[in-house]
Amino acid sequence: MSKLTAQGSSLISTMAINDNKAGMEGLNKEKINQIIFEASKGSKFFENEQKKEEQLNQKILEQQILISSLSSAMLFHGLKEADELIEKLKACQDLSHTIVHVDMDAFYAAVEMRDDPRLKDKPMAVGGMSMLSTSNYIARKYGVRAAMPGFIALKLCPNLVLVEPNFTKYTAVSQEIREIFAQYDPNFSPMSLDEAYLDLTEHLIYRRGSSNLCRIFLLRLKTDNSSIVVNDLECTCNLNAVLRPSVINLEELKINSVSSENLQEYLNSLDFSNFNLPKDCQVCNKKLPPFSLKLYDTTVEDAVLEMRNRIEQRTFLTASAGIAPNTMLAKVCSDRNKPNGQFQIHPDVQEIEEFMKNLPIRKISGIGKVTEKLLGSLNISLCSDLYKQRALLYHAFSSLTFQYFMKITLGMGSTSLEKDEERKSLSTERTFAEISDPAQLYEKCAELCQHLAKDLNEEQLMGKTVSLKIKTISFEIKTRSHTLQCYTNDEKIIFNAAKQLLKVEIDSVKQSLLRLRLMGVRMSKLVPQASNQVSIVSLFHQSNRLTSTASRTNTHNFNIQKTDFDEKDFSTSINILEANDPVLESTMTTRHSQKSLFQKTQSPQKKSIESGMKNSIMKFVSKSERCSDKIANNCYVESNIKVENNNNLRNLDCENSSSTSLKLQSNSKSNFSNAAMQNVSQATLISSVESKQKTFISCPVCGQQKFDWPLDQLNQHMDLCLSRKTIKTILQDDKNSNKRGAVQVENDDSLPSVPKRKKTQIAVDSYFK
DNA sequence: ATACATACC
DNA sequence: GACTGGTATGTAT
């Protein structure tokens, strides 16, 4: 602090170099900060940072005032509350899991160095002049790091080599490491292309009972300690896939006869030239490299070492790992011995306490530079300080944040990896050279909406809330959002909403221009698009056929009549695109699209088995029970839904149309508008019978029938029915068997640092395959 | 429901 | 000269 302010009012603390990252210890921070400062000062960006800094200082000031106004009685109360919470937390501390966080070392940079050895001894970074994704360890010595603009990095390190990112390549490598992860935890939780959490608890049980053979792997012989050296003539295929089966096969009997203690020695003594092994790789035809055999123990350390070695053999890249009883600690541990190392915190309260004592709060995932500074003003810099200042924290922060802090100080975190929650939002944004011409702004907006609609369609999603994000040339960020009447992924409807949000902003700076450097569009409140909308339409036809009085129903009935926005609220002269026929047809296939550099990808298991309809039912049901106990219930709900769903389909197929109904989100005027059809994605459809322009609808839950039941009323009715009847019955048994303690905080759900994955929608039995 | 801020990679 | 892009979530209103 003092050093920074000593340089004048100028240097911004939150902008200063962050030496938190591995490989950045003991830098000449002062010099680096000076260079960053010189490169930044006077820029719009810098001015905005100053503004933010002032706001933060203001917040700190207010916090100080609040703190100093606390009476000793209040402080005592805070202390009491804190201690009570801590007791409850301790009571439900779970040390029975073995969580591992695996993180590739300088991932993008490492891939580039692997593929271009000329980079190996040079400072390099992946990214461009305006932003870096990552840097190698040589560059880090100069203070060059991820999230730093390239032009500043070049000032810090004039010899820095910039490499354009190649995401296709990183994704391919990511695929390879995930294949390995899956062998240790099929339910692993990827956080980005280069890192994942694994729950090794089950693997370790299996491992302890496994034969030595299962724990022997091939390692290429290294000429030095650091990295595998490959020459051009040698095979670089997956060595353990190509050769391990034959080696193990040949040696099986002997290996089984040697005692575990002597086995490694025996493996070292083997001379493979005597073996009848292929000399060349059957995949690439190149010469197979010389190798040794390594036996790994049944311990966690060896399991993780084995995994890391296999990653290296497979990708020629190194990974670091952290082993601990929860995700929060595992994450911190994986950073401890980076690069190419691992660290374990054993499931022991004393050891955890000892570890937390001197751990800087900034190391905890979820505590960033702002929270660090905020807490710094309360003399908190280590995790143990959170405990010391617990009485203050109780008063200074929301109860959620307070709980989060208390959990940190106790070294507690999530002990399960709840996987693959459906995404909550999808967005696209672009930075550009200043645009202020309204026509061009609308044009940009249209582009973004087109992009977003494409992504939504590729992911088979529809959303309800459209948000516009803008960043002015002075880096001020604004978001404006509007929730539509119904779910959509139609480009025109999205644009119609976005353009009107944009219009308000353009109009609001009256007499002058809205000058932007960035625009983005986001869709949230997502539901899966019914994957079989076409067949649903045909089901309408089918049910019509069943009813002699049925009137014609065709797709034109579903056309949207007007745009979703109220025209009176957002009258606009811009008329580039009008909302039209949203797409009714969609395919059954689920396509994956590669998104951000860091985005998690969903597990393949899930996507392949879900139909849109089932998804929507799951979504609907889960919403009501979102906060309840998860895994067990979900499995149960899941299987019930499956049955119900099948029954539904059977009902449709046969003539039993006694219960005919449709649950739709509120809708208007026309019996079944197009928008309503889109809402089928979150509908439970059994069947529908139309007669003489009127519709006879019955609730699929209770069977109650009504003539021309207004959709919003039916909706409400079904909400009630489902939540009251279905869910309650389904969950009744579980509630009994799954008693939940009075301690709310046991569940990590709402805490910032916890990697959140909601429920597992994979069928129960797939776990055991 | 909306806006903004913080955090993560 | 130049300071990203995508997602989630907490806080405040």
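Order of the sequence lines fixes the chain letters, A, B, ..., with proteins taken first and strands second; residue numbering starts at 1 for each chain. What you see is a predicted model; the values in this text were computed from it and never measured.
- Between A/K52 and B/dT6, a side-chain N or O to OP1/OP2 separation shorter than 4.0 Å is absent.
- Side chain of A/R308 to backbone of A/A319: a donor-acceptor contact under 3.5 angstrom is found.
- Salt-bridge check for A/K369 with A/E372: failed, with every basic side-chain N at 4.0 Å or more from each acidic carboxylate O.
- In this structure, NZ of A/K424 is placed 10 Å from P of C/dG10, rounded to the nearest angstrom.
- For C/dG5, the OP1/OP2 oxygens have a side-chain nitrogen or oxygen of A/T431 closer than 4.0 Å.
- Considering only side-chain atoms of A/S130, the nucleotide from C/dC3, C/dG5, C/dA8 that sits closest is C/dC3.
- Annotation: side-chain hydrogen bond (donor to acceptor under 3.5 Å, both in side chains) contacts of A/Q63 (sequence neighbours excluded): A/S377.
- The main-chain N or O of A/E476 is never found under 3.5 Å from a side-chain atom of A/S474 such that the two would form a donor-acceptor pair.
- In this structure, A/R362 does not reach the B/dT6 phosphate: none of its side-chain N or O atoms is under 4.0 Å from OP1 or OP2.
- Counting to the nearest Å, the P atom of B/dA5 and the CZ atom of A/R480 are 11 Å from each other.
- Residue contacts shown for A/K469 are absent, as no nucleic acid heavy atom lies under 4.0 Å away.
- What separates CG of A/L452 from C1' of C/dG6 is a distance of 12 Å, to the nearest Å.
- Each of A/S481 and A/V370 has a nearest nucleotide on DNA chain B; the 5'-most of these lies closest to A/S481.
- Here the side chain of A/K471 is nearest to one of C/dT4, C/dC3, C/dA8, namely C/dT4.
- With hydrogens and angles ignored, a donor-acceptor pair under 3.5 angstrom links the side chain of A/S40 to the base of C/dC3.
- For A/K155 and C/dA2, the shortest distance from a side-chain N or O to OP1 or OP2 is not below 4.0 Å.
- Closest to the A/T428 side chain, of the nucleotides C/dG6, B/dA7, C/dC3, is C/dG6.
- Remark: C1' of C/dT4 and CG of A/L518 are 9 Å apart, rounded to the nearest angstrom.
- When the P atom of B/dT6 is taken as reference, atom OH of A/Y404 falls 15 Å away, rounded to whole Å.
- A/E49 comes within contact range of no nucleotide atom at all, as no heavy-atom separation falls under 4.0 Å.
- Distance CD (A/E434) to C1' (C/dC3): 16 Å, rounded to an integer number of Å.
- When each of A/L132 and A/S425 is assigned the nucleotide of DNA chain C with its nearest heavy atom, A/L132 is the one assigned upstream, toward the 5' end.
- For the side chain to side chain donor-acceptor pair (under 3.5 Å) with A/D105, the qualifying choice from A/T134, A/T318, A/N340 is A/T318, the only one to do so.
- The phosphate of C/dG5 has neither OP1 nor OP2 within less than 4.0 Å of any side-chain N or O from A/R522.
- Taking the C1' atom of each, B/dA7 and C/dT4 are spaced 15 Å apart, rounded to whole Å.
- Side-chain proximity of A/T483 to C/dG5, B/dT2, B/dC8: nearest is B/dT2.
- Within a 6.0 Å radius of NZ in A/K169, other residues, nucleotides and ligands contribute more than 12 heavy atoms.
- Here A/R517 does not reach the OP1 or OP2 of C/dA2: none of its side-chain N or O atoms lies under 4.0 Å away.
- Nucleic acid contact for A/A147: base, since at least one base atom lies under 4.0 Å from a heavy atom of the residue.
- Between A/S427 and the phosphate of C/dT7, there is a side-chain N or O to OP1/OP2 separation shorter than 4.0 Å.
- For the pair A/L516 CG and C/dC3 C1', the computed distance is 17 Å after rounding to whole Å.
- In this structure, A/L400 atom CG and C/dA12 atom P are separated by 11 Å, rounded to whole Å.
- Heavy-atom nearest nucleotides on DNA chain C were determined for A/S399 and for A/S43, and the one closer to the 5' end corresponds to A/S43.
- Listed nucleotides: C/dG5, C/dC3, B/dA5. Nearest to the side chain of A/Q55: B/dA5.
- Side-chain N/O atoms of A/T371 include one lying less than 4.0 angstrom from OP1 or OP2 on B/dA7.
- For A/D194, counting side-chain heavy atoms from C-beta on, the closest listed nucleotide (C/dA2, C/dC3, B/dC9) is B/dC9.
- Distance from the side chain of A/R423 is smallest for C/dT7 among the nucleotides C/dT7, C/dA2, C/dT4.
- Among C/dC3, B/dC4, B/dA7, the nucleotide with an atom closest to any side-chain atom of A/K369 is B/dA7.
- A/K44 and A/E47 are not joined by a salt bridge, as no carboxylate oxygen comes within less than 4.0 angstrom of a charged side-chain nitrogen.
- Of the residues near DNA chain B, A/K59 and A/K331, the one whose nearest nucleotide (by heavy atom distance) lies more toward the 5' end is A/K59.
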